[in-house]
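The figures that follow rest on heavy atoms only: side chains count, while hydrogens, waters and symmetry mates do not. Please read all numbers here as calculations on a predicted model, not as lab measurements.
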Protein chains: 2
Amino acid sequence: MSVAISAHRLAAALVPPVGVAYRDLADQIRLLIVDGRITAGARLPSERELAAATGLSRTTTARVYAELRDAGLLLSRRGSGSIVCVPFAESSASSLIVTPEDDAGIAMTYAAPVAPAGLGRAFENAIARLPGLLSTTGYLPDGLPVLREMLAARYEERGLPTSPDQIIVTSGALGALSLIARTFVEQGDRVLVEAVSYPHAHEAFTTSGARLSTLPVVQHGPWDVETAVDMLASSRHRAAYLIPDFHNPTSAVMPEAAREALARAMRRAGTLAVIDESQRDVNLDGVELPPSFGTFDRDAMLVDSASKTFWGGLRVGWIRAPRDLVMPLVQARMTHDLGTAAFEQLVFAEVLQDPEPVLTSALNGFRTQRDHLVDLLATHLPDLAVSPPAGGLSIWAGLPDHNSTRLVAAAREHGLLLTPGPRFFSGAPVAGEAHLRLPYTQAPAVLEDAVHRLAKAYEGRRADDAPDGPRLDLIA
Amino acid sequence: MSVAISAHRLAAALVPPVGVAYRDLADQIRLLIVDGRITAGARLPSERELAAATGLSRTTTARVYAELRDAGLLLSRRGSGSIVCVPFAESSASSLIVTPEDDAGIAMTYAAPVAPAGLGRAFENAIARLPGLLSTTGYLPDGLPVLREMLAARYEERGLPTSPDQIIVTSGALGALSLIARTFVEQGDRVLVEAVSYPHAHEAFTTSGARLSTLPVVQHGPWDVETAVDMLASSRHRAAYLIPDFHNPTSAVMPEAAREALARAMRRAGTLAVIDESQRDVNLDGVELPPSFGTFDRDAMLVDSASKTFWGGLRVGWIRAPRDLVMPLVQARMTHDLGTAAFEQLVFAEVLQDPEPVLTSALNGFRTQRDHLVDLLATHLPDLAVSPPAGGLSIWAGLPDHNSTRLVAAAREHGLLLTPGPRFFSGAPVAGEAHLRLPYTQAPAVLEDAVHRLAKAYEGRRADDAPDGPRLDLIA
């Protein structure tokens with residue numbers, strides 16, 4: 001149950017102390033805990049091991065741990081080591097998430113919108129079709145037939161011949177990735193991933209036992225194609241997980257030549273391409289995207305969802321799988337859930353009968369909000385490097401001070417929740433300090449309030465005071 | 001990706017051949033494949049290994065494999081052994097499930113009802129409360145607050161003081177069990193289970209790396225308490241998974257004294273009790289049940305769902321967890337899904353505002369259907385040993401010939417899908433041949449048709465012909 005954090009790993013996540021060494025280091029570890037990078041129940045290395053790995057004295061590391069114990073963040077017991085404990089006796093997990101409804105603060109850890117106009121209508125229309133559904137057992141391990149047909153037709157329209165039996169409806173895109181990982185990735189298998197990416201997806205692979213090999217970030221996006229081709233050729237990779245369309249969090253789009261080259265390399269290496277297309281339709285400026293990765297690799301697993309374009313509350317995602325991999329996926333699913341909620345699938349099928357009005361309304365909203373956030377940042381936080389993205393749901397802002405974690409901790413004291421840059425670099429905990437993801441899925445007034453809070457945090461003091469308790473590490 | 005089946009395991013699953021040895025053995029292995037006990041992609045032992053493990057000649061085992069190859073069920077390649085392949089080039093996973101809507105047959109692999117009267121009304125009422133939900137992001141990693149409050153109140157009514165922050169809403173009971181297994185069970189951990197039980201639950205534990213220790217079945221139910229207490233005391237068990245209330249599939253109820261003794265033994269051993277209460281409310285004859293297992297072990301994880309009492313299509317389950325284990329569960333969930341569908345939770349909250357009418361309607365239906373099935377079996381299949389259960393959703397019928405697998409294969413040729421008894425004995429593939437689970441969740445007319453088909457299969461010839469293709473192994 002308890003995850004051991006090695007001294008080497010902890011030392012690598014710490015930067016040389018400023019001021020009083022033990023206090024600064026305790027502060028750094030506290031930030032790692034508060035940001036969810038060290039989780040409750042983890043076992044820290046012994047004071048002796050940490051001293052050896054950092055070059056600090058044993059006295060210093062002992063004082064660091066004593067500070068953490070005093071703050072109630074560490075429980076040291078003879079024989080069982082020092083366990084990270086997260087005190088939340090009175091609070092529920094829910095209360096740790098600041099939602100937009102909560103007046104006390106603003107959550108910008110979600111790049112997830114409220115429902116667009118027209119979705120409520122789809123729910124109402126679906127009620128009319130409910131009786132047919134209620135007269136079945138409601139178990140749909142691969143999905144509602146009518147929805148599978150509509151999703152297959154969408155791929156056909158994109159130039160990807162697809163039959164309905166290649167579609168598996170899942171619990172969101174994350175449910176799809178987790179299912180793929182559980183079905184095809186075994187303990188010790190290598191999986192190629194982008195160095196910067198959506199962290200819960202990487203966790204879905206690592207909890208299935210994957211070892212991640214990360215692709216270096218290059219100038220124009222998170223895909224160093226030459227290195228990737230070499231990596232695929234030189235060591236066996238079971239799968240590769242990529243977000244080629246409005247990549248999360250950078251919003252980069254993979255060029256067509258890169259798609260071709262990577263697809264070829266994966267086919268040659270027998271590597272399963274797992275392609276996240278959940279932001280492909282969040283195309284704010286109507287830019288012409290290269291064809292779907294699936295047109296270059298017909299055997300790719302394409303993952304998509306209704307959460308980003310329509311509404312997260314639907315929890316409807318899907319996989320377009322090669323025909324011979326459908327049955328293993330559906331069978332593997334049976335040990336985790338017996339299908340996606342039936343009515344939500346009916347609602348989404350209603351939306352897809354005429355998606356344009358809902359989609360247009362959603363994209364118009366995002367565009368206005370993006371432009372507003374870009375203007376606000378230019379005015380109130382001119383130090384940040386901001387390139388307005390053509391699609392996706394967030395700005396990947398550059399921080400001149402490379403202090404993402406500290407800035408996030410300070411913002412939190414102003415009632416603004418953000419995800420620190422390093423959280424998107426799962427393979428390298430010290431990378432990412434130069435960036436901050438700023439989603440623009442909130443209403444303009446909320447964005448204004450958020451930027452004011454962030455500006456105060458940016459101008460203000462360092463986050464010397466302990467933030468008041470942990471938060472749930474949910475990123476969307 | 002390919003699971004190797006050892007010669008020892010395969011030999012243990014086979015019974016001594018009747019008639020032409022190689023043909024009978026090929027037939028036995030075909031049944032194991034068709035019933036999903038050997039899955040597609042599995043690697044069978046070599047002909048030589050199988051010969052050594054069974055005592056048969058090498059010539060015989062070679063002919064067995066040749067038969068299977070001819071039937072298109074085995075692919076033998078030099079160097080990579082014999083891989084089970086399941087031919088379904090043209091069919092989709094869906095088409096492999098015979099649902100009640102499918103005129104071609106009757107599925108009795110589900111102990112899952114259609115929606116009861118009153119549920120449609122709850123959907124309609126929930127629409128009125130939808131706008132408030134649509135104005136949020138819809139991500140509810142631990143559940144809709146109003147639903148968590150109502151579920152906590154239900155436990156209070158049962159004498160179990162519970163606060164809403166102890167409730168986590170999941171994707172059905174299986175989603176709950178899978179989450180508990182992923183969070184608390186590590187590779188190699190022992191988990192105590194009933195020898196006969198709901199198979200997907202056991203699979204949720206084994207896919208998390210658990211080694212299952214099985215509790216012997218005794219005269220009055222699947223709980224040999226004395227043996228269990230010894231097992232808990234003598235070797236470390238991380239968790240125990242039990243279904244004390246209208247146990248699936250036997251419908252047995254664990255006596256109060258057994259609950260006390262097991263709870264005490266688990267507390268003493270530091271074993272996490274995972275208690276499946278999803279059939280507790282399916283109390284057809286209004287028998288007085290002992291108090292919830294949770295009253296004897298306050299630290300038990302109680303798992304429940306709306307699927308059995310209300311409707312499987314809701315896909316709403318939940319966990320009542322000890323307070324300090326809530327956060328690890330919710331955090332672990334984030335790598336697999338970001339929450340249960342929001343609207344379904346609202347619908348279930350509507351149902352719980354006044355559950356009695358819906359529950360009464362559901363239980364009345366089940367009672368009528370149970371009585372009808374008992375009568376039908378007495379008339380048309382008097383050989384079967386049937387004790388009408390006081391609760392739950394199926395009859396656990398005794399078969400005098402101990403031929404459950406063959407009977408199920410024969411029934412399938414008559415268009416009736418059933419789950420063979422051994423499928424409920426995950427730890428011992430040869431056990432269970434003396435039983436057949438017969439759910440009574442279908443309408444009386446369907447039950448009549450089903451019993452006629454079953455009677456024909458029972459009277460009729462042995463299943464000498466190969467059943468036409470595999471089916472998806474979904475059990476509910």
Contacting region of [X] [heavy-atom separation from chain B under 4.5 Å]:
| X | result |
| --- | --- |
| A:Thr170 | neither |
| A:Ile127 | side chain |
| A:Leu133 | both |

Residue, of B:Ala342, B:Ala341, B:Gly312, B:Ala204, that accumulates the most heavy atom pairs under 4.5 Å with chain A: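 With the most close heavy-atom pairs to chain A, the winner is B:Ala341.
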Any chance you could measure [X], atom [atom1], to [Y], atom [atom2], to the nearest 0.5 Å?
| X | Y | atom1 | atom2 | result |
| --- | --- | --- | --- | --- |
| A:Arg121 | B:Leu130 | CZ | CG | 12.5 Å |
| B:Tyr110 | A:Tyr139 | OH | OH | 8.5 Å |
| A:Thr136 | B:Trp311 | OG1 | CH2 | 5.0 Å |
| B:Leu338 | A:Ser307 | CG | OG | 7.5 Å |

Between [options], the one whose heavy-atom pairs under 4.5 Å with chain B are most numerous:
| options | answer |
| --- | --- |
| A:Gln345, A:Gln166, A:Glu344 | A:Glu344 |
| A:Leu134, A:Thr207, A:Asp337 | A:Leu134 |
| A:Arg182, A:Gln187, A:Arg333, A:His336 | A:His336 |

Taking all heavy atoms of A:Thr335 and all of B:Ser178, pick out the closest pair and write down the distance.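 Scanning both residues, the minimum pair turns out to be O-CB, 3.8 Å.
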